[in-house]
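In what follows, a structure is listed as structure tokens, so that the remarks can point back to it.
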There are 2 protein chains.
Amino acid sequence: MSRLDRTLIADLAPFQGMHAADLDTMLGQARSMRIVKETAIFEQEGEAHSFFLLLDGHVRVVKTTPDGQQVIVRYISPGELLGIARALGRTTYPASAIAAVDCVALAWPSRLWSEFAAAFPSFGANTYKAVGARLQDAHARVIEMSTEQVDRRVAHALLKLIQQTGRKTEDGLLIDFPLSRQDIADMTGTTLHTVSRLMTVWEERGLVKSGRQKVTVVQPHKLLLLAEGHVDK
Amino acid sequence: MSRLDRTLIADLAPFQGMHAADLDTMLGQARSMRIVKETAIFEQEGEAHSFFLLLDGHVRVVKTTPDGQQVIVRYISPGELLGIARALGRTTYPASAIAAVDCVALAWPSRLWSEFAAAFPSFGANTYKAVGARLQDAHARVIEMSTEQVDRRVAHALLKLIQQTGRKTEDGLLIDFPLSRQDIADMTGTTLHTVSRLMTVWEERGLVKSGRQKVTVVQPHKLLLLAEGHVDK
DNA sequence: GATAAACGTTGCTGCAACGCAAACAAAGCC
DNA sequence: GGCTTTGTTTGCGTTGCAGCAACGTTTATC
């Protein structure tokens, strides 16, 4: 790992407020790894032997129900920790993490997490703050699933994605990794058919442009209005 | 607070592994309070000035959407912490906490939380473990809302409640606080009408017995089969 | 004990969204 | 270039469940 890399890593949320030397200690014990597209970083129910820092790419966290239905819990962007099950008192991963594109990540053995958290208080605090945010997010999603109908949920999901990974193009904000109708359905608790129908309607109205596994939001503002229900669908 | 009380409190999950003297330090700074039925311990959006330990009673945590719909996030039983928003990096409460019955609780100023967590590592670790469990729970609920239909969600909710607060009676396991059809609906993302219909069917089949704001699960095992979908409804 | 308020039940109707099926389109592969 | 695989679109029938409305029942209030 080059000097430059370390400087960039120091800016990431999980390491805010840490001393450079402490960060070096952590990085010294990390294993760098590449994950090819559509392979798993870790699997649901598997023993939580490591935790990870995503450096490049996008990862989807997926839960599969006993009867085989998939739910996408969230997408992870570079700079975020994943697989911290052990830090929350679990011994197995509660979900699978699949690389949506080719990825680069750092890995540490799980047992080191508590050592790091104890030795570098900022690191522990940052993690717990992130966990707090995730809890918030999960609750927000429960509310959404309980009270809002499909079109609004899908609109919301797209907005969250462009906020996370939106890349400006001539058409609008492109979601920067392959995203199928089925993926969107798995994020919002609906079916690919319903998503497909919604997308065609929105495309006709000029809200989005989309192709195979590709979504560009043309008019984020209008999509937001729809998501918030300030407009008749 | 009597000597006996302190002994009992020491057994509660948030204080496992703490020294008796440290616990005394904490309790010395707590304010004991009674909350009358159906009043708020804290309100959504309100400044998170305190965190609480529920000693007696049952509290429901409710989120209200901008358009007035209510969602019950969870019920809290004696021995659990609540209102720990500040510990997760928030300055306001993300939900309201309403006493389902007359309650007794201890309250500490929020700023003390980080002091306690730093001074008594077990306390901090216990809390984060609890937060981890809540995150798990929230995710499980998202999955459930995404993939299961109403009857199974309601069955699951009832099972969770009897597990938390079930009191053995001659009829079966009674949920030990007033619980209306609307409450169950708010827990499961449906309407009181649908819940009412389900309850009548289940009553006819001898799965439950219920009256006004009162639910007794007669055959938990059969209800579980229904919740898991191992039986045609 | 009469009146009101809160909670629960039940029939009916409508529709959002699911499921199925068939066809189409694009990408990968030999 | 043809073949397969994977993803998308779209029509049509079905249905779970919400929404409305009316009524019954229990608990509070004075």
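Here is how names work: the chains are called A, B, and so on, in the same order as the sequence lines, proteins then strands, and each is numbered from 1.
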Task: Of the listed nucleotides C:dA16, D:dC17, C:dG8, the one nearest the side chain of A:Gln149 - done: C:dA16

Task: Integer-rounded Å distance: D:dT26 P and B:Lys214 NZ - done: 12 Å

TODO: Kindly say if A:Thr191 contacts the phosphate of C:dC18, meaning a side-chain N or O under 4.0 Å from OP1 or OP2.
DONE: yes

Task: Distance, rounded to the nearest Å, where A:Glu148 contributes CD and C:dA16 contributes C1' - done: 15 Å

Open item on the list: What is the separation between atom CD on A:Glu203 and atom P on C:dA25, rounded to the nearest whole Å?
Closed with: 15 Å

TODO: Go through C:dC18, D:dA18, C:dT9 for me and flag the one nearest to the B:Arg181 side chain.
DONE: C:dT9

Open item on the list: Regarding A:Ser196, tell me which of base, sugar-phosphate or nothing describes its non-hydrogen contacts under 4.0 Å with the strands shown.
Closed with: base

Task: Nearest listed nucleotide, side chain of A:Ser180, among D:dT8, C:dG8, D:dT9 - done: D:dT8

Open item on the list: Less than 3.5 Å apart, any donor N or O on the side chain of B:Glu203 or B:Ser210 sitting next to an acceptor on the other?
Closed with: yes

- [ ] Check whether any side-chain N or O of B:Thr190 sits under 4.0 Å from OP1 or OP2 of D:dA18, and answer yes or no.
- [x] yes

Task: Any donor-acceptor pair under 3.5 Å from A:Thr64 side chain to A:Gln70 backbone - done: no

Open item on the list: Tell me which one of A:Ile84, A:Thr127, A:Leu106 satisfies side-chain contact (heavy atoms from CB on, under 4.5 Å) with A:Phe51.
Closed with: A:Ile84

- [ ] Please state whether the phosphate of D:dA18, meaning OP1 or OP2, lies under 4.0 angstrom from any side-chain nitrogen or oxygen of B:Thr194.
- [x] yes

Open item on the list: Without decimals, in angstroms, what is the distance between B:Lys209 NZ and C:dG8 P?
Closed with: 17 Å

TODO: Side-chain contact test, heavy atoms from C-beta onward, threshold under 4.5 Å: evaluate it for A:Tyr128 versus B:Tyr128 and give yes or no.
DONE: yes

Open item on the list: Has B:Thr188 got a side-chain atom pairing as donor or acceptor with B:Ile184's backbone, closer than 3.5 angstrom?
Closed with: yes

Open item on the list: Determine whether a donor-acceptor pair (one donor, one acceptor, N or O, separation below 3.5 Å) exists between the side chain of B:Arg197 and the base of C:dG11.
Closed with: yes

- [ ] Check the distance between D:dA18's P and B:Asp186's CG and give it to me in whole angstrom.
- [x] 12 Å

Open item on the list: How many whole angstroms separate atom CD of A:Gln213 from atom P of D:dT5?
Closed with: 17 Å

Task: Whole-Å distance separating the CG atom of B:Asp183 from the P atom of C:dA6 - done: 15 Å

- [ ] Give the rounded distance in Å between these two atoms: CG of A:Leu192 and P of C:dC20.
- [x] 12 Å

Open item on the list: Ignoring hydrogens and geometry beyond distance, is the side chain of A:His193 in donor-acceptor contact with the base of D:dT10 at under 3.5 Å?
Closed with: yes

Open item on the list: On the side chain of A:Arg212, is there an atom forming a donor-acceptor pair with the base of C:dG28 - under 3.5 Å, no angle test?
Closed with: no

Open item on the list: Go nucleotide by nucleotide along DNA chain C from the 5' end; which of A:Arg153 and B:Ser210 gets its closest nucleotide reached first?
Closed with: B:Ser210

